[in-house]
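See below for the structure under consideration.
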Amino acid sequence: MARAPSSILIFLRQNPRARQNPNTQIRYHTTETKECDFTEVAQQICKIIRTKPRWEQTLPSEYPSFNFSDPQFFTELLKLQKNVLLSLRFFFWLRSHNGFSPDPISCKALFSALVEAKACNAAKSFLEHTSFSPEPASLESYIQCLCEGGYIQDAIDVFYRLKEAGVCPAIMTWNAALSGCLKVRRTDIIWKLYQEMIECGVVADVDVETVGYLIQAFCADNRVSEGYELLRQVLVNGLVPENAAFNTLISGFCKEKQYTRVSELLHTMIAKNCVPDNYTYQGVINWLCKKGKGLEGLRVFNDLKDRGYAPDIAMYTTMIHGLCTMGWLGEARKLWFEMIEKGYHPNEYTYNTMIHGFCKIDNFEEAKTLYKEMCNKGYKETTVSYNAMMTGLCLHGRTDEAYRLFQEMHQKGIVRDLITYNTVIQGFCKEGKIVESMNLFRELLAQGLQPSAYSYTPLIEKLCQVGAVQEAKGLWNDMKNIGLEPIVGTHDYIIIGLCDQGDAAEGMEWFIEMLNSKLKPKQDTLGILVECLTQRDRLDDSLLVLEFMFRTGYALEKGICHSLVNKLCWEDNHFVENCLGEILEGK
DNA sequence: CGGCGGGGCA
C-alpha cells in the first residue's frame with residue numbers, strides 16, 4: 001500500500017475547522033502517526049475543497065512537506081470528487097505549491113474528466129496552462145465536447161492537430177463536428193470537413209447520422225433539391241436517415257412551394273416506417289396551409305389534439321398562420337388564447353403572424369395593440385415585424401403611413417430588405433405614385449440589393465398604364481439582362497400599353513414572342529390587341545390573334561367583334577367568309 | 001439535430 005503524506009494529517013489536526021468534520025476527527029484520532037492509503041487522504045481533501053469555499057487560504061503553503069506528487073493520489077481524488085471543476089482548482093493549487101509537478105497519468109485523468117463533464121472552457125484552459133498533450137482518443141472526445149459546446153473553431157483546430165499527427169478521427173467524431181456546425185449555422189465548415197472526410201477515406205464509414213447532417217446542411221444553404229437527391233441515393237443503398245432529415249426537407253420544399261416534393265417525402269416516410277414526430281406534423285400542417293388546404297391542416301391539427309397529443313408553440317403558430325391566411329381571424333385568435341392557456345407564450349413568430357393577420361383584415365387597432373405587447377415582452381422590432389405592418393397598410397391604400405414606417409426603420413437602424421422595398425414600391429405604384437416608386441427602386445439598387453422580378457413588375461405595369469411604354473421596356477430589358485424571368489402578366493401590361501399608344505405592330509410582336517415562349521396572354525389583353533390591330537387595318541393579324549383566342553377558349557367582347565366584322569366586310573366579303581370559316585373549323 | 005413569421009398577376 002502506498003504511503004500517505006503524513007503532513008496532511010498534521011494539517012488537519014492543526015486546522016480546527018477541518019476538525020469539526022466528523023470524518024477528519026476520526027482520522028485525527030486514529031491515524032495521527034500511522035500510515036493511511038491514498039483513498040482516505042483523498043476523501044479528506046475532497047471534503048475540504050467541497051465544503052470550504054476559501055480552502056486555498058486554509059490549505060496554506062506553510063506545509064511544505066505536503067507530498068501529493070504521487071499520481072495515485074490525484075487519480076484517487078478525481079474518482080471521489082464528483083465536481084470536476086473543484087478538482088481542477090485543486091490541481092492548479094497543487095501545482096503552484098509544494099513543487100507538485102503534474103504527472104501524465106493525473107493529467108490524463110483530469111482532462112478526461114473535464115471532457116466527460118462537457119466542461120469545454122475548463123478543458124481548454126487546462127490544455128493552455130499545462131504542457132499536457134492528450135493522446136488521439138482523448139482529443140477525439142475533446143472535439144465532441146467542443147462541438148457540443150458550440151466551440152467549432154477550437155474543434156477544427158484539434159481536427160488539424162490530429163491530421164498533422166496522421167490520425168483520421170472516427171466517424172462519430174466527424175458526426176459530432178457536423179452537428180456542431182449545423183447548430184451554429186456554419187455550413188461552410190461542413191463542406192470543408194466533408195472534403196477532409198473524403199481525403200482521409202472516412203467517407204466509407206458514413207452512416208445515417210452523417211447523411212442526416214449533410215441533408216440538413218444542403219437545406220440550410222437553400223440547396224434543398226441537392227439534399228433530396230442525396231436522400232434518394234442513400235435510400236437506394238438501403239439507408240434510412242432519421243426523421244430530422246425528412247423534416248428539414250419537408251420544410252425546405254414547403255418554403256420553395258414545391259408541394260409535390262413534400263407529398264413525395266411524406267409517402268417515403270410512410271413507406272420506410274418512419275414514425276412522424278412533432279416536426280413532421282408541423283411540416284404537414286404547414287404544407288397543407290401553404291397550398292391552400294388550410295381546412296385539411298386544421299383537421300390534422302384537431303385530430304392530433306383529439307388523440308391527446310399536445311401541439312407545441314411552433315405547431316400553434318403554424319395553425320394560427322394558416323387560419324389568418326384563410327381570413328379566419330376569430331378562429332386564429334381562439335387558438336392564440338388556447339395556446340396561452342396551455343402555457344405556451346407567443347414568441348416572435350406568433351406575434352408577427354397574428355399582427356400580420358390583423359393587418360390583412362384592416363384591423364390596425366388590434367394589430368398595433370399586439371405590436372406594443374410584443375415590444376413590452378422584450379421582443380425586438382425587426383425587419384419582419386415592420387414588413388408585416390407595412391404590407392397591411394399598403395394593402396388597404398395607406399401607403400403614406402407605410403412610407404412613414406419605412407423611414408422610421410432607417411432611423412431606428414432596422415435593416416430594410418428586398419421585401420421592404422418591394423412592398424412600398426408596389427404600394428406606391430398601386431396609388432399611381434410612379435415617381436416615388438422609381439425613386440425607391442433606384443434606392444433599392446443603390447443599397448446593393450438584388451431586385452427580384454417583383455421589384456420590376458409593378459413599375460412596368462404602371463409605366464405602361466400612364467403611356468410611358470418606352471421606360472417600361474427599358475426596365476424590362478434591365479430585368480432580362482440580369483437574368484430575371486418576368487412574372488406572368490408582365491407581357492400583357494406591355495402589349496396593352498403599346499395598344500393604348502396605337503402601336504399595333506409592336507403589340508403583335510410581343511404577342512408572337514409570348515407564343516414562342518409558350519406563355520398565355522390574358523383574354524382582355526388579346527381583346528385589346530385585336531381592337532388595335534383592327535383599327536390599324538391589320539386584319540390578317542387580327543384574325544391570327546382571334547384564331548388563337550378561340551382555340552384557347554377565349555371570347556371576344558361584342559363591341560370589338562363588331563368593329564372587326566365591319567372592317568372585314570368593308571374590305572372583302574369573300575375573304576371574310578374564308579377566314580371565319582377556317583377559324584370556326586379549327587374550333 | 002430541427003419546425004413556426006413579412007411579398008408575389010387576377
When only distance counts, do a donor and an acceptor, one from the side chain of [X] and one from the base of [N], lie under 3.5 Å apart?
| X | N | result |
| --- | --- | --- |
| A:Tyr279 | B:dG3 | no |
| A:Asp312 | B:dG3 | yes |
| A:Thr317 | B:dC4 | yes |

Mind listing the closest non-hydrogen atom pair of A:Met409 and A:Met390 along with its distance?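 Closest approach of A:Met409 to A:Met390, heavy atoms only: SD-SD, 3.9 Å.
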
For a 4.5 angstrom cut-off between non-hydrogen side-chain atoms, does [X] reach [Y]?
| X | Y | answer |
| --- | --- | --- |
| A:Thr399 | A:Lys433 | no |
| A:Phe548 | A:Pro521 | yes |
| A:Ile340 | A:Pro346 | yes |

Below 30° counts as parallel, above 60° as perpendicular, anything between as tilted: where do the rings of A:Trp191 and A:Tyr194 land?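 Because their plane-to-plane angle is over 60°, the rings of A:Trp191 and A:Tyr194 count as perpendicular.
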
Hey, can you tell me if A:Trp476 and A:Trp510 have their rings parallel, tilted or perpendicular (30° and 60° cut-offs)?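 A:Trp476 and A:Trp510: perpendicular rings.
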
Can you tell me the distance, in whole Å, between the [atom1] atom of [X] and the [atom2] atom of [N]?
| X | N | atom1 | atom2 | value |
| --- | --- | --- | --- | --- |
| A:Leu265 | B:dG3 | CG | P | 16 Å |
| A:Trp336 | B:dG5 | CH2 | P | 14 Å |
| A:Met374 | B:dG5 | CE | P | 15 Å |
| A:Leu335 | B:dC4 | CG | P | 18 Å |
| A:Glu348 | B:dG5 | CD | C1' | 8 Å |
| A:Lys255 | B:dG3 | NZ | P | 7 Å |
| A:Arg185 | B:dG2 | CZ | P | 8 Å |
| A:Gln282 | B:dG5 | CD | C1' | 12 Å |

Any carboxylate oxygen within less than 4.0 angstrom of a Lys/Arg side-chain nitrogen, looking at A:Lys412 and A:Glu408?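 Salt bridge present between A:Lys412 and A:Glu408.
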
Would you indicate what A:Thr248 reaches in the nucleic acid, counting non-hydrogen atoms under 4.0 angstrom: base, sugar-phosphate, or nothing?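 Counting heavy atoms under 4.0 Å across all strands, no contact is made by A:Thr248.
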
Indicate, with a heavy-atom threshold strictly under 4.0 Å, whether A:Thr318 touches base, sugar-phosphate, or nothing.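 Touches sugar-phosphate only.
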
Using the salt bridge (Lys or Arg N to Asp or Glu O under 4.0 Å) criterion, which residues pair with A:Arg398? Sequence neighbours excluded.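 For A:Arg398 the salt bridge (Lys or Arg N to Asp or Glu O under 4.0 Å) partners, ignoring immediate neighbours, are A:Asp362, A:Glu401.
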
Return the set of residues passing salt bridge (Lys or Arg N to Asp or Glu O under 4.0 Å) with A:Glu256 (not counting sequence neighbours), or none when no residue passes.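 With neighbours one apart ignored, the set is empty.
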
How about A:Lys257: does its NZ atom have over 12 heavy atoms from other parts shown lying under 6.0 Å from it?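 Not buried by this count: 12 neighbours or fewer within 6.0 Å.
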
Give a yes/no answer on whether the side chain of A:Thr280 brings an N or O atom under 4.0 Å of OP1 or OP2 in B:dG3.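 No, no such contact exists.
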
For a quick test of reading the model: is some side-chain N or O of A:Lys183 closer than 4.0 Å to OP1 or OP2 of B:dG2?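 False: A:Lys183 side-chain N/O out of range (4.0 Å or more) of B:dG2 OP1/OP2.
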
Do any of residues 319-332 of chain A sit with a heavy atom less than 4.0 Å from DNA chain B, and if so which?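 Heavy-atom cutoff 4.0 Å gives A:His321.
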
Name every residue in residues 215-234 of chain A that has at least one heavy atom under 4.0 Å from any atom of DNA chain B, in order of residue number, or write none if there are no such residues.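 The answer is A:Gln216.
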
Enumerate, atom names and distances included, each donor-acceptor pair closer than 3.5 Å involving a side-chain atom of residues 291-306 of chain A, sequence neighbours excluded.
from: A:Asn302; atom 1: ND2; to: A:Leu298; atom 2: O; distance (Å): 3.3
from: A:Lys305; atom 1: NZ; to: A:Glu338; atom 2: OE1; distance (Å): 3.3
from: A:Lys305; atom 1: NZ; to: A:Glu338; atom 2: OE2; distance (Å): 2.6

Between B:dG5, B:dC4, B:dG2, spot the one nearest the side chain of A:Asp277, thanks.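 Looking only at side-chain atoms, A:Asp277 lies closest to B:dG2.
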
Using nucleotides 7-10 of chain B, report all nitrogen or oxygen pairs with the protein that are shorter than 3.5 Å.
from: B:dG7; atom 1: OP1; to: A:His356; atom 2: NE2; distance (Å): 2.9
from: B:dG7; atom 1: N2; to: A:Asn422; atom 2: ND2; distance (Å): 2.4

Just checking A:Tyr228 against A:Phe218, ring centres under 6.0 Å apart?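 No, the ring of A:Tyr228 stays outside the 6.0 Å limit from the ring of A:Phe218, centre to centre.
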
